[in-house]
Amino acid sequence: MEAEKKIIMDFLEGKKGKTKFYFNDLCKALPDMKQRDVKKILTALVNDGKLEFWSSGSTTLYGMVGAGKQHSTEEGE
Amino acid sequence: MAKHPTPLLDQLETGPWPSFVSDIKQEAEHRSKNPKGIDFQAPQDCPADLLGVLELSFKEKETHWKHGGIVGVFGYGGGVIGRYCDKPEEFPGVAHFHTVRINQPAGKYYHTDYLRGVCDIWELRGSGLTNMHGSTGDLVLLGTVTPQLEEIFYDMTHKLNTDLGGSGGNLRTPADCLGQSRCEFACYDTQDLCHTLTNDYQDELHRPAFPYKFKFKFDGCPNSCVAALARSDFSVVGTWKDDIQIDQAKVKAYVGGEFKPNAGAHAGRDWGKFDIVKEVIERCPTKCMSFDGALKIDNANCTRCMHCINVMPRALRVGKEKGASILLGAKAPILDGAQLSSLLVPFVPVEKPYTEIKEVIENIWDWWMEEGKNRERVGETMKRLSFQKLLEVTNIKPVAQHVKEPRSNPYIFFREDEVLGGWTRDINEFRKRHAR
Ligand code: SF4
Ligand code: SF4
């Protein structure tokens with residue numbers, strides 16, 4: 001689990017300019033893993049206080065805590 | 001004296017319907033008087049400023065709301081929707097105006113004590129304005145500030161034993177009709193199924209991992225009081241397999257005027273004597289009924305539209321072998337126009353612990369999470385990748401009920417291994433006769 005957590009955090013830190021990601025985008029960091037298992041890692045990172053949710057009401061994105069815009073519209077892509 | 005003059009909004013109060021403007025004004029006045037001496041945790045003039053900013057938007061024909069943000073309660077990806085006003089100096093009472101969705105109970109049964117509890121929490125910690133209910137089904141609390149969110153969540157869960165609802169790319173709060181608790185038409189226990197799946201899929205409700213929203217709705221019969229097949233991605237609609245039960249003596253009583261048709265509804269006007277041929281037989285969409293003193297139904301051709309049963313509920317009843325149909329893919333018109341759900345499982349018995357239904361759900365999720373594009377509803381994925389693909393991933397065999405009209409949607413293609421004896425063809429020979 002710790003190794004996968006690091007892969008996700010490295011993936012996010014490597015993305016310059018973009019701060020919010022769809023669940024699908026994050027799954028690309030762990031391409032061999034089942035999506036439900038990727039979700040468990042993301043949930044653990046949220047619980048660790050490393051990731052946070054950004055929601056527009058209709059869609060939800062993941063981002064590193066404190067990175068990028070904190071409110072108002074920023075619809076990812 | 002109102003904080004902001006609202007001549008345009010005032011016009012909305014002049015129509016024949018109850019007006020939300022009057023409601024907000026009432027709450028604004030109540031908060032400014034504060035007869036209970038409440039130590040408001042959200043701005044006291046929140047409803048007054050809400051009227052002010054709305055009036056401005058009516059004047060300028062432009063919204064002053066920004067939506068979205070990281071606001072929420074710890075660990076949850078949904079349930080709170082961030083709203084901010086882009087004129088916070090002018091309207092400080094609505095600088096933050098976040099929405100909180102509360103998971104409504106199955107069938108929307110509340111004890112008045114409970115509703116008082118919700119109102120007390122919301123008067124203290126929010127604007128005092130609610131929306132009962134949002135179109136997904138949730139009890140919606142309108143307008144609070146960021147620091148109150150965890151407090152509201154704590155009070156809701158600890159004092160009222162109630163959780164937040166869904167929003168974003170989550171399973172949305174499941175909704176159902178009141179079903180067997182009050183309705184003789186219900187073909188399964190909608191409330192138990194709704195409640196069970198709400199509990200079983202808590203992770204999907206609160207932690208987003210779907211390409212977009214996903215809604216469950218449960219109707220006990222095709223009267224569709226929660227409009228499942230128009231308004232949910234996964235629609236479960238009660239139905240029956242055998243024949244409509246007929247009590248011929250009571251049919252005669254309707255014909256003789258002893259019972260009022262439609263249980264006395266439409267009584268505002270004299271429609272004349274009940275005419276079974278005109279009002280029932282000729283209204284049957286599949287023309288599968290006849291009446292020659294006795295009522296006959298060719299059940300093989302009945303589409304379970306409910307019309308005859310609704311008109312003569314004392315004489316006709318749904319069949320005895322009850323269950324549900326599962327349909328997939330309804331959505332509102334954001335992309336590609338509105339879409340109704342398509343029939344996926346013609347009949348499934350609805351029995352605890354609902355293993356068969358859950359298997360269908362989970363197969364669909366696995367597929368959609370893998371193949372769905374960001375912001376694509378499952379109904380759009382289904383259209384893009386074909387209904388046949390959906391049947392494959394759910395391990396459901398194609399049957400006649402999947403075809404809407406013969407020869408109009410021939411989406412079932414047979415693969416070579418599915419055809420008894422297989423077939424061979426020489427593609428080069430074929431191309432000689434048929435240009436590309
Ligand atoms: S959908 Fe059918 S079963 Fe449910 S409340 Fe309406 S009429 Fe009754
Ligand atoms: S339920 Fe509808 S389709 Fe079936 S017999 Fe009655 S009117 Fe006809």
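These figures come from a predicted structure and were not determined experimentally. Proteins get letters first, then strands, A, B, ... in listed order; numbering begins at 1 in each.
Enclosure of atom NZ in Lys50(A) is not indicated, since only 12 or fewer non-hydrogen atoms of other residues, nucleotides or ligands lie within 6.0 angstrom. Counting non-hydrogen atoms of other residues, nucleotides and ligands closer than 6.0 Å to CD of Gln202(B) gives a total above 12. Within 6.0 Å of OH on Tyr154(B) lie no more than 12 heavy atoms contributed by other residues, nucleotides or ligands.
For the atom pair CG (Asn24(A)) and CE (Met369(B)), the distance works out to 8.5 Å, reported to the nearest 0.5 Å. Between atom OG1 of residue Thr43(A) and atom NE2 of residue His206(B) there is a gap of 12.0 Å, rounded to the nearest 0.5 Å. From Gln35(A), atom CD reaches atom CZ of Phe210(B) across 10.5 Å, with rounding to the nearest 0.5 Å.
For Tyr62(A) (side chain) and Pro208(B) (main-chain N/O), a donor-acceptor pair under 3.5 Å exists by modelled atom type. Using modelled atom types, no side-chain atom of Ser55(A) and backbone atom of Gly168(B) make a donor-acceptor pair closer than 3.5 Å.
Closest approach of Tyr76(B) to Phe53(A), counting heavy atoms only: O-CD1, 3.2 Å. The heavy-atom pair separating Lys39(A) from Ala209(B) by the smallest distance is CD-CB, 3.4 Å.
Taking the charged nitrogens against the carboxylate oxygens, Arg36(A) and Glu204(B) do have a contact shorter than 4.0 Å, which makes a salt bridge.
When each of Gly169(B), Gly82(B), Gly372(B) is checked for heavy-atom pairs under 4.5 Å with chain A, Gly169(B) comes out on top.
A search for salt bridge (charged side-chain N to carboxylate O under 4.0 Å, His left out) contacts involving Lys6(A) returns Asp10(A), not counting sequence neighbours. The salt bridge (charged side-chain N to carboxylate O under 4.0 Å, His left out) test applied to Asp37(A) returns Lys40(A), not counting sequence neighbours. With sequence neighbours excluded, no residue forms a salt bridge (charged side-chain N to carboxylate O under 4.0 Å, His left out) with Lys15(A).
Taking the side chain as every heavy atom from C-beta outward, Val46(A) and Arg207(B) never approach each other to under 4.5 Å. Taking the side chain as every heavy atom from C-beta outward, Phe23(A) and Pro211(B) never approach each other to under 4.5 Å. Side-chain contact between Val65(A) and Ile70(B) is absent, with no heavy-atom pair separated by less than 4.5 Å.
Interface remark: Asp203(B) contributes backbone and side-chain atoms alike to the contact with chain A (heavy atom separation under 4.5 Å). Contacts between Trp65(B) and chain A at a heavy-atom distance below 4.5 Å are absent for every atom of the residue.
Contacts between residues 131-143 of chain B and chain A, defined by a heavy-atom separation under 4.5 Å, are made by no residue at all.
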Show your reasoning for whether side chain to side chain donor-acceptor pair (under 3.5 Å) applies to Thr59(A) and Arg375(B). CA-CA 7 Å; Thr59(A) 24; Arg375(B) 297 174 67 86; 2.8 Å; yes
